[in-house]
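Here is the structure we will look at, set down as structure tokens.
Every chain is numbered from 1 and lettered A, B, ... according to where its sequence line falls, protein lines coming before strand lines. Hydrogens, waters and symmetry mates play no part in the numbers below; they use all other heavy atoms, side chains included.
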Amino acid sequence: MENISSRYQPKEAEEKRYKHWEKQGYFTPKIDIKKKPYVIVIPPPNVTGVLHMGHALNNVLQDVLIRWKRMQGIPTLWLPGTDHAGIATQNVVEKMLSKKGIKRQDLGREKFIKEVWRWKEEHGSTIINQLKKLGCSCDWSRERFTMDEGLSDAVEEVFIRLYQEGLIYRGNYIVNWCPRCQTALSDEEAPHKEVQGNLYYIKYPIKSVIGSRLSVLGRTPNTEHRTPNFVVVATTRPETMLGDTAVAVHPKDKRYKNLIGRKLILPILNREIPVISDTVVESDFGSGAVKITPSHDPNDFEIARRQSIEGILVMNPDGTMNENAGQYKGKDRFECRKAILKDLKMQGLLLKTEAHQHSVGHCYRCHTMIEPYLSRQWFVRMKPLAKKAIEVVKKGEIKFYPQRWTKVYLNWMENIRDWCISRQIWWGHRLPVFYCRKCQGGGNSVIGYRLSPNTEHRTPNTDKGIIVAKTKPEKCPICGSSEIYQDEDVLDTWFSSWLWPFSTLGWPEKKSKIKNQKSKIKSDLNYFYPTSTLVTAPEIIFFWVARMIMAGMKFMGKIPFKDVYIHGTVRDDLGKKMSKSLGNAIDPLEVIKEVGTDALRFSIVFIAATGQDVFLSKQKFAVGRNFANKLWNASRYILALPECKWGSVTNEDLGLKERWILSRLNQTVKEVNRSLENYRFQEAESKIYEFFWHQFCDWYIELAKPVQNSQQSTVPAEGGSAFGGKNQKLKNREKNASVTTAAMLYHILETSMRLVHPFMPFISEEIWQRINNIKNQKSNIKNTNQISKIKNKELGKRSIMVAEWPKAEERLIDKKAEEDMELLIEIIQAIRNLLAELNIKNLEEVSLILIHFPKRLEKYSNYLSRLTRIENISYQSKKPTKAISTVVQKTEIYLVLKDIDLSKGKKRLTKKIEELNKELERVSQKLKNKDFLQKAPREVVQKTKETKEKLKQEREKILVMLRGI
RNA sequence: GGGCAUUUAGCUCAGUUGGUUAGAGCGCUACGUUCACAUCGUAGAAGUCAGAGGUUCGAGUCCUCUAAUGCCCACCA
């Protein structure tokens with residue numbers, strides 16, 4: 001027997017095992033056309049990513065599913081990869097360069113991109129290596145990157161097809177603009193956050209009263225929003241007033257009705273702007289008059305578009321004011337705000353300031369406040385794509401787990417808005433769009449200062465001089481000019497992600513490949529698409545899940561996956577989202593160092609209730625650590641037993657505890673399967689935990705242990721030594737049975753390891769290999785029993801990873817054995833309770849008398865003696881005169897000993913009687929209720945009656961006991 | 001403004017279609033270390049299932065309302 005440490009040392013085991021698995025190619029599925037594969041595509045982490053707890057949870061869940069299915073013999077593919085993460089990655093590389101004092105503009109586009117690729121080569125595999133540390137069994141031979149050649153080709157293909165169908169268009173529109181990243185963002189990339197701001201009330205003079213009197217009049221205190229001389233507007237962003245081209249009021253607003261059509265003087269710039277009317281203006285918000293800034297506000301843009309009002313752009317892409325801002329030119333937007341307020345105050349035009357909470361978009365990459373900004377961008381028309389994506393979810397072809405996310409998804413889909421896909425950054429897929437300089441007569445995505453909104457907004461693709469193609473055309477097809485240049489923009493990162501389930505599998509396939517199908521060699525795309533399950537976080541539903549469904553339907557004509565499991569967000573113990581920037585993150589790698597990967601995996605799954613957020617603290621990893629330790633030590637014990645060989649076992653040999661533990665094991669397998677099928681990971685773990693620890697270890701192993709002082713055998717026999725076991729027959733039986741018990745210990749342990757493996761891959765492999773070694777040493781023993789056969793077949797394999805997932809065998813589920821065993825357990829616990837309560841230590845002096853103990857269980861009295869340490873047990877019908885007593889079901893339990901303090905026992909019994917009376921009262925009331933008798937199902941009534949009888953009997957017995965005291 | 005979730009033992013959370021006396025882990029109390037495991041064992045204490053009303057023979061579970069907390073969505077000038 002090798003020396004095994006009493007503590008599991010995860011470190012050495014993990015790396016060694018993972019490398020072995022990878023080398024053996026276990027992660028790569030063997031394509032078998034007859035079998036339906038199980039496929040998960042990983043939510044590709046950003047190449048810049050560093051493993052955090054969110055990743056850990058996400059990927060462990062996927063690995064559990066994958067390992068579970070793989071062990072079932074299903075060709076299983078977990079396709080990994082990383083996302084080029086346009087803005088995020090560009091930011092990281094820019095930061096790195098800035099440390100050297102280099103700006104990306106200094107390098108120029110081409111050199112900068114080279115830098116990013118270099119960075120990717122150097123650091124891009126960090127997250128991948130960390131996933132390996134987690135034990136993820138991804139097929140690394142199929143690893144993809146969203147900027148791989150094939151995936152880039154898919155991106156271009158999709159862009160071109162959508163453009164040709166008119167589902168992609170270019171237009172001028174207000175977009176979410178991040179002044180720090182200097183790019184447009186989609187709505188999803190600009191989440192709204194509540195901000196405590198101010199609502200500024202500004203007086204706009206009416207034209208007829210301008211002139212020298214302005215400043216004088218302005219000083220008059222006036223709380224009215226409308227005075228004969230001014231119209232007051234309310235705004236949260238005063239700096240945008242420089243771009244005002246109108247003021248709008250509701251057409252029915254009596255205060256302003258007669259001003260509609262008149263001119264106001266825009267303060268500071270002294271530009272004339274008209275008062276217009278529009279029904280979207282709400283009279284009771286602010287002053288009821290809205291300044292209209294078409295180039296800096298989506299609502300204003302819409303109003304202006306309807307009424308053909310021009311807009312004026314007053315900011316530069318970096319958030320500073322441009323030349324249209326007059327004296328404020330060059331000032332940052334917030335500085336400008338301060339300056340304008342100061343100036344307005346001086347002129348007496350700032351009527352009042354109110355605190356005002358509102359929600360404002362923020363860049364999801366750098367958290368800078370978004371500026372709604374008019375620019376020329378590319379959009380995907382989403383409504384036509386959404387239609388089928390709504391259908392497949394409504395029909396249940398795609399199911400969300402937990403179900404409630406279905407509604408969130410549908411709600412978003414049904415109100416979907418066009419998707420801004422162009423980004424003004426360098427790192428990403430460049431738009432496959434070319435312009436003929438002659439036909440266009442202008443630049444691309446130029447941000448115009450005086451764009452008339454209505455002309456180019458969402459018009460069909462009739463633009464002359466736009467050529468959408470994978471490669472640069474030599475000549476313009478219209479005018480023949482060779483002055484052709486490519487659009488500078490790149491696509492939104494998610495424009496490649498939404499193709500992930502099929503672009504990673506080879507879409508669009510070359511024709512030659514498709515032909516191969518006939519020769520029975522299925523392409524990856526044909527074999528693995530649609531995938532099976534997608535595991536992701538709620539915040540990704542809109543970004544990714546929804547769009548993948550749209551793309552899948554559009555380009556594959558099939559759903560991309562069947563099930564979507566949405567897990568919770570990882571938060572700290574105070575409920576804050578875990579993030580590096582908040583400084584509350586627990587580093588998974590730290591946890592792995594401290595407790596091991598398996599403990600981390602087990603714990604995080606155990607803590608994560610289905611779809612609920614996960615509240616983490618370091619202490620919570622103790623569950624997994626302790627469980628790993630338990631697995632380890634139980635194995636250590638079993639593996640060290642000298643008798644432990646794979647013995648021959650026949651069904652007749654099986655004692656109660658064997659039938660019981662087999663029944664429990666098979667029941668557990670059944671339940672674990674059911675839980676996993678419903679994505680109830682935590683439940684599956686609980687079942688395994690409960691079985692292994694509290695059934696196998698607490699009872700089976702304990703019962704399998706040698707009786708103290710026994711010289712005969714280290715593994716006890718059925719029938720046990722409590723009654724001597726002296727005759728030859730019993731001795732033979734004992735020998736035989738000890739082998740049974742030993743074989744059973746092995747069998748249960750080995751099966752448990754396979755059950756544990758998806759959750760705790762390393763320790764299960766480690767233990768399983770050790771079992772394997774012993775088996776190989778003792779392979780001379782014949783196996784005559786089915787249990788042993790199953791076991792040995794599995795052990796022939798080189799890794800538990802590819803061993804067979806345990807099958808629940810109905811024939812081994814034995815309700816009777818479970819009932820009997822449970823009764824024995826209850827009796828043992830009751831006896832222990834008495835012993836503990838009365839503080840009885842001298843067990844030799846105690847004799848145990850059981851009355852009404854089932855005859856068929858008498859041969860298992862060794863269970864009682866072993867686990868209560870009382871040797872002197874007898875069954876009789878005569879009640880002892882002086883004894884401490886209690887009742888379990890029908891069995892009366894008496895402890896007879898010399899000096900007993902009966903008063904203590906009396907107290908207990910009295911208390912018990914009280915409890916019984918209460919309960920009996922409740923049940924009796926129920927049975928007196930005519931409605932209950934009539935309306936409740938017969939079984940329930942029957943059960944209640946039985947309960948009453950049981951309670952009554954128990955009470956009777958206790959009363960008799962009490963009388964005896 | 002709309003939607004979703006949560007509220008069960010001191011703490012963190014289970015509780016699948018309504019059906020005996022509501023469970024676990026941690027913590028707590030007592031005892032225990034020649035025993036595979038003190039990262040352990042045995043025993044124990046601990047809950048008005050957020051509140052109110054309703055449906056039902058029967059509600060932690062279903063319905064309505066209320067409160068607190070958290071999250072998501074929305075063109076909140």
Side-chain angles (χ1 to χ4, degrees), chain A residues 4 6-8 174 191-192 199 233-237 240 248 280-282 285-287 289-293 297-302 356-360 372 402 404-405 407-408 411-412 415 538-539 541-542 569 571 573 575 577 595 599 606-607 609-613 615 617 619-620 622-623 625-641 674-675 678 680 682-683 686 689-690 694 697-698 701-702 705-706 708 829 832-837 839 841 867 915-916 918-919 922-923 926 929-937 939-941 943-944 946-948 950-951:
Chain A
I4 309 176
S6 74
R7 301 225 173 143
Y8 169 56
I174 299 278
H192 284 62
L199 195 54
V233 298
T235 180
T236 52
R237 297 185 296 148
T240 63
V280 294
V281 179
E282 279 173 43
F285 186 91
S287 65
V290 195
K291 58 194 265 317
I292 299 296
T293 321
D297 184 282
N299 287 320
D300 297 359
F301 178 83
E302 285 301 323
H356 179 67
Q357 208 183 39
H358 58 140
S359 79
V360 180
R404 67 183 132 91
W405 295 109
K407 213 170 142 187
V408 175
N411 186 46
W412 185 78
N415 297 295
E539 59 264 34
I541 294 176
F542 307 142
T569 306
R571 301 177 182 282
D573 47 359
K577 189 172 170 174
V595 299
F606 196 80
I607 296 160
T610 314
Q612 294 298 341
D613 284 356
F615 295 83
S617 64
Q619 317 165 12
K620 290 193 175 174
V623 196
R625 181 199 60 182
N626 295 354
F627 188 54
N629 188 250
K630 194 72 184 179
L631 293 175
W632 187 249
N633 278 294
S635 312
R636 202 161 67 98
Y637 170 73
I638 292 168
L639 293 171
L641 291 172
R674 203 176 50 199
S675 297
N678 292 301
R680 303 173 73 92
Q682 189 259 7
E683 194 179 72
S686 299
Y689 182 96
E690 167 70 17
H694 296 304
C697 290
D698 286 357
I701 295 183
E702 287 308 314
K705 274 182 182 173
Q708 232 171 0
Q829 284 173 333
R832 283 170 172 172
N833 181 346
L834 290 179
L835 294 173
E837 205 165 296
N839 202 17
K841 289 197 175 134
L867 295 185
E915 279 168 18
L916 281 172
K918 249 191 221 164
E919 191 48 32
R922 225 179 56 85
V923 176
K926 213 173 185 179
N929 188 336
K930 275 180 202 159
D931 287 326
F932 175 71
L933 295 173
Q934 271 174 20
K935 291 178 186 170
E939 312 92 66
V940 175
V941 176
K943 231 181 179 179
T944 312
E946 278 165 23
T947 306
K948 190 184 168 184
K950 264 188 202 166
L951 289 168

(Q) Return the pairing partner of B:C40 with a 3.5 Å limit on both distances, Watson-Crick or G-U wobble; otherwise return none. (A) B:G32
Q.
Would you say that A:L867 contacts A:R832 through its side chain, given a criterion of any heavy-atom pair below 4.5 Å between the two side chains?
A. yes
Q. Of the candidate nucleotides B:G25, B:C76, B:C73, which contains the atom at the shortest distance from the side chain of A:Y689?
A. B:G25
Q: Measure from the side-chain N and O atoms of A:N929 to the backbone N and O of A:D931, and report whether any donor-acceptor pair falls under 3.5 Å.
A: yes
Q.
When the C1' atoms of B:G1 and B:C13 are compared, how many Å lie between them, rounded to an integer?
A. 34 Å
Q | Nearest-Å distance once atom C1' is located in both B:U6 and B:U12 | A | 14 Å
Q | Nucleotide nearest A:T236 when distance is taken to its side chain, options B:A74, B:A77, B:C37 | A | B:A77
Q. In the strands shown, is B:C76 matched to any nucleotide by a Watson-Crick or G-U wobble pair with both distances under 3.5 Å, and which?
A. none
Q: Spell out yes or no: do the side chain of A:E702 and the base of B:A36 have one donor N/O and one acceptor N/O closer than 3.5 Å?
A: yes
Q: Scan every strand shown for a Watson-Crick or G-U wobble partner of B:A14, both distances under 3.5 Å, and answer none if you come up empty.
A: none
Q: Please report, rounded to the nearest Å, how far the P atom of B:C35 is from the CG atom of A:N633.
A: 12 Å
Below 3.5 Å between N/O atoms, which protein atoms pair up with nucleotides 41-43 of chain B? Just atom names and distances, please.
residue	atom	partner	partner atom	Å
B:G41	OP1	A:K630	NZ	3.3
B:G41	OP1	A:W693	NE1	2.4
B:U42	O3'	A:R832	NH1	3.4

Considering only nitrogen or oxygen atoms on both sides, find all protein atoms under 3.5 Å from nucleotides 53-57 of chain B and state each distance.
residue	atom	partner	partner atom	Å
B:C57	OP1	A:K935	NZ	2.5
B:C57	O2'	A:N929	ND2	3.0

Q: Return the nearest nucleotide to the side chain of A:N626; candidates are B:G15, B:C13, B:C26.
A: B:C26
(Q) Could you tell me the Watson-Crick or G-U partner of B:A52, where both distances fall under 3.5 Å? Say none if there is no partner. (A) B:U64
Q: Could you tell me whether the side chain of A:K630 and the main chain of A:Y689 form a donor-acceptor pair under 3.5 Å?
A: no
Q. Where the side chain of A:C697 is defined as all heavy atoms beyond and including C-beta, which of B:C72, B:G19, B:A36 is the nearest nucleotide?
A. B:A36
Q: May I ask you to check if A:K705 and A:Y637 form a cation-pi contact, with NZ or CZ under 6.0 angstrom from the six-membered ring centre and within 45° of the axis?
A: yes
Q. Side chain of A:R680: nearest nucleotide among B:C76, B:U12, B:G15?
A. B:G15
Q) Can you tell me how far P of B:U69 sits from CG of A:D613, to the nearest Å? A) 17 Å
Q | Proximity to the side chain of A:F615 - top-ranked nucleotide from B:C4, B:U12, B:C35 | A | B:U12
Q: Rounded to the nearest angstrom, tell me the gap between atom NE2 in A:H192 and atom P in B:G2.
A: 18 Å
Q.
Without decimals, in angstroms, what is the distance between A:Q619 CD and B:G27 P?
A. 9 Å
